[in-house]
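Computed over heavy atoms, backbone and side chain alike; hydrogens, waters and symmetry mates excluded.
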Amino acid sequence: METSTTPKILQSRRPRSLRPSPSSSFKSPLIKTEEKKVSVQFENASVEDMKKATLKLWQENEDLKKAISELEQQGYEESQLKWYIDKLHEYNEIKDIAQMVMGRIAVIELKTVREVHEDFEMKDDD
């Protein structure tokens, strides 16, 4: 029987071809589109309360549109934001893997993760 040289931690991950690309939009596993219902806050609300909430949301939307317009006037583009979000997702994946490795090292060396961080001279905010 052949043994793989790939560490066991990395073997459990889905093959790259089955993972969503970093440029795809984020889809929360907690929210399913078919399960969306009226917000609990409106369950027993009066029509007047719902009108007030709708106006508040409309105003927030207008404020966001204004902020977006100001950013576009300053030279920012939506594509740049998407690139930064993709890079943040990639960074978070790498950081998660690093934390798993640190945790594994801690188990092997019978130390706490904090002690392993100190061994690698990592700060609390790393």
Side-chain angles (χ1 to χ4, degrees):
M1 174 165 55
E2 292 183 21
T3 58
S4 174
T5 58
T6 306
K8 193 172 187 177
I9 281 179
L10 298 178
Q11 289 177 357
S12 64
R13 296 190 64 189
R14 290 189 289 177
R16 189 150 196 74
S17 61
L18 297 178
R19 283 186 267 158
S21 81
S23 62
S24 66
S25 60
F26 176 74
K27 293 173 185 67
S28 173
L30 303 176
I31 299 174
K32 295 190 172 123
T33 54
E34 64 273 2
E35 292 181 11
K36 288 183 181 176
K37 296 181 180 179
V38 175
S39 177
V40 174
Q41 70 185 22
F42 295 121
E43 207 167 276
N44 297 318
S46 69
V47 173
E48 192 61 37
D49 290 339
M50 292 188 347
K51 284 181 182 179
K52 287 179 185 176
T54 301
L55 285 173
K56 182 180 175 188
L57 288 172
W58 180 83
Q59 185 59 51
E60 287 177 15
N61 187 40
E62 291 301 312
D63 293 343
L64 288 171
K65 284 180 183 178
K66 182 179 176 185
I68 290 169
S69 175
E70 289 172 2
L71 289 171
E72 286 173 343
Q73 288 174 358
Q74 293 174 10
Y76 293 100
E77 296 176 13
E78 187 177 343
S79 61
Q80 290 174 323
L81 179 61
K82 185 168 178 30
W83 182 85
Y84 282 108
I85 290 171
D86 290 344
K87 291 299 175 188
L88 282 172
H89 284 298
E90 187 176 329
Y91 166 79
N92 284 330
E93 284 183 15
I94 293 169
K95 188 174 177 182
D96 290 346
I97 291 169
Q99 288 300 323
M100 287 190 294
V101 171
M102 293 287 186
R104 182 57 96 187
I105 291 170
V107 168
I108 292 169
E109 295 184 357
L110 301 174
K111 295 181 175 183
T112 65
V113 174
R114 180 178 292 277
E115 290 170 333
V116 173
H117 282 205
E118 289 169 358
D119 291 346
F120 285 93
E121 298 177 4
M122 293 177 66
K123 300 175 188 140
D124 287 336
D125 59 351
D126 284 347

Is Tyr76 reachable from Leu81 through a run of I, L, V, M, F, W or Y residues, each pair having side-chain heavy atoms under 4.5 Å apart? no
CG of Leu57 to CD of Gln59, rounded to nearest 0.5 Å, is 11.0 Å
d(Ile97 CD1, Glu93 CD) to nearest 0.5 Å is 6.5 Å
- Message: Glu109 vs Asp119, test: side chain to side chain contact (heavy atoms under 4.5 Å, CB included). Steps then yes/no.
- Response: CA-CA 11 Å; Glu109 295 184 357; Asp119 291 346; 4.2 Å; yes
Assigning hydrophobic clusters by single linkage (Ile, Leu, Val, Met, Phe, Trp, Tyr; side-chain heavy-atom cutoff under 4.5 Å), is Phe120 placed with Val101?
yes
Rounding to 0.5 Å, atoms NZ (Lys66) and CG (Leu71) come to a distance of 12.5 Å
d(Ser69 OG, Gln74 CD) to nearest 0.5 Å is 10.0 Å
Closest non-hydrogen atoms of Ala106 and Val113, given as atom of the first, atom of the second and distance, are CB-N, 4.0 Å
Quiz prompt | Any side-chain heavy-atom pair of Lys56 and Glu60 under 4.5 Å | solution = yes
CG of Asn92 to NZ of Lys87, rounded to nearest 0.5 Å, is 13.0 Å
The reported gap from NE2 in His117 to CE in Met102 (rounded to nearest 0.5 angstrom) is 5.0 Å
